[in-house]
Amino acid sequence: MSQQANEIKNDDEYLDQGNEIVLDKKLMRQSWLRMLWVQASFNYQRMQSSGFLYAMLPALQRIHKNKHDLSLSLRLHNEFFNTSPWLVSFMQGVILAMEKGKQPIETIRTFKVAAMGPLGGIGDAMCQLTMLPITASIAASLALDKVYIAPLIFLVLFNMVRFSIWVPLFNYGYKLGLNALSTLKQQSEAFSRGATILGLMVVGALTASFVRVQLDVKIPLGETALSLQEGLLDKIMPNILPLVVVACCYQLIMHGLSPVKIMLGMIAGSIIFHYAGIL
């Protein structure tokens, strides 16, 4: 009975703190190869979490011999996750080092939340705006010159660049994570706080940049009419309505409502409010 109570009490930390497990080259190679399928089970509820967990699974099973610890780790890495498929190997390396060092669950979670946004932005810019257009334009030029293997050349060039980044980033992330473990243990609270602040800043910037809510409500004032949004709400705080929408969605998710149901509700609500002349 006391052991069960201890396990429940320590759900933020692994019970087995031994870190003598060795992750050999074969296992590490299997891990980063599996990460190539990180988007194979992409969905709008947890994004890349299933693919990320699939890639991490062999190493997690080697690290956590305690079933309770393995269960905690599997639940952690099946939470919402989304970042650049190009740079995800760096995060994987760091997280494997943190798992091997038996860092607290919340420390690992905080790193994931804080890092996936910035890495996603950098990786998408690197891939979608740089390497993809360059390699595709080379292949397209060859195709216009009737080089029939141009599509194959595109795939070879694109993946040569990808793997030249993919594997070194994985190894660098793992070594960086191992070297940072002693510092993390001493400064885990400060690290968690700093990473949380960074994550909130990224979420705030994305909210202001990508969430759009435009009220079409006007309050009659004699011979003129006051726009409720431009004349009042935006004067109080610019982009206050997107902030309210995101905060409401967050509260609904925290109360256990599925993100898919929230999105469907937002679509239905937007249509209704639009035809009602509110949005």
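Here, residue 1 is the first one in the sequence, and each next residue gets the next number. Hydrogens, waters and symmetry mates play no part in the numbers below; they use all other heavy atoms, side chains included.
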Check whether any side-chain N or O of [X] sits under 3.5 Å from a backbone N or O of [Y] as a donor-acceptor pair, and report yes or no.
X    : Y    : value
D145 : V147 : no
N159 : R162 : no
T110 : E106 : yes
N78  : L74  : no
S71  : K67  : no

Determine whether [X] and [Y] make a side-chain contact, defined as any pair of heavy atoms from C-beta on separated by less than 4.5 Å.
X    : Y    : answer
Q92  : V38  : no
F81  : V88  : yes
Y14  : I63  : no
V244 : C248 : yes
E99  : H77  : yes
Q61  : L27  : no
T83  : K112 : no
F80  : M116 : yes

Report the relative orientation of the aromatic rings in W86 and F158; use parallel for angles under 30°, tilted for 30 to 60°, perpendicular for over 60°. perpendicular
Would you please classify the geometry between the F163 ring and the W166 ring as parallel, tilted or perpendicular, with 30° and 60° separating the classes? tilted
Tell me whether [Y] is reachable from [X] by hopping between hydrophobic residues (I, L, V, M, F, W, Y) whose side-chain heavy atoms are closer than 4.5 Å.
X    : Y    : result
L157 : F154 : no
M263 : I271 : no
W37  : F90  : yes
V245 : M254 : yes
I105 : L70  : yes

Taking the ring of Y172 and the ring of W32, is the distance between their centroids below 6.0 Å? no
Roughly how far, to the nearest 0.5 Å, is the [atom2] atom of [Y] from the [atom1] atom of [X]?
X    : Y    : atom1 : atom2 : value
K146 : Y148 : NZ    : OH    : 6.0 Å
E79  : S49  : CD    : OG    : 9.0 Å
L155 : I149 : CG    : CD1   : 11.5 Å
Q48  : F42  : CD    : CZ    : 6.0 Å
S89  : N171 : OG    : CG    : 9.0 Å
I108 : K102 : CD1   : NZ    : 10.0 Å

Which heavy-atom pair separates S31 from A59 by the least distance, and what is that distance? OG-CB, 4.0 Å
If you take all heavy atoms of Y174 and A97, which pair is closest and at what distance? O-CB, 3.5 Å
Please lay out, stage by stage, how M28 and F170 fare under the test side-chain contact (heavy atoms from CB on, under 4.5 Å). CA-CA 9 Å; M28 300 293 270; F170 175 83; 3.8 Å; yes
Applying side-chain contact (heavy atoms from CB on, under 4.5 Å), run through I134 and I138 and close with a yes or a no. CA-CA 6 Å; I134 291 174; I138 293 173; 4.2 Å; yes
Worked check of side-chain contact (heavy atoms from CB on, under 4.5 Å) between L72 and H64: CA-CA 10 Å; L72 286 180; H64 300 296; over 6 Å; no
Which pairs with one or both residues in residues 24-34 pass salt bridge (Lys or Arg N to Asp or Glu O under 4.0 Å), sequence neighbours excluded? D24-R62
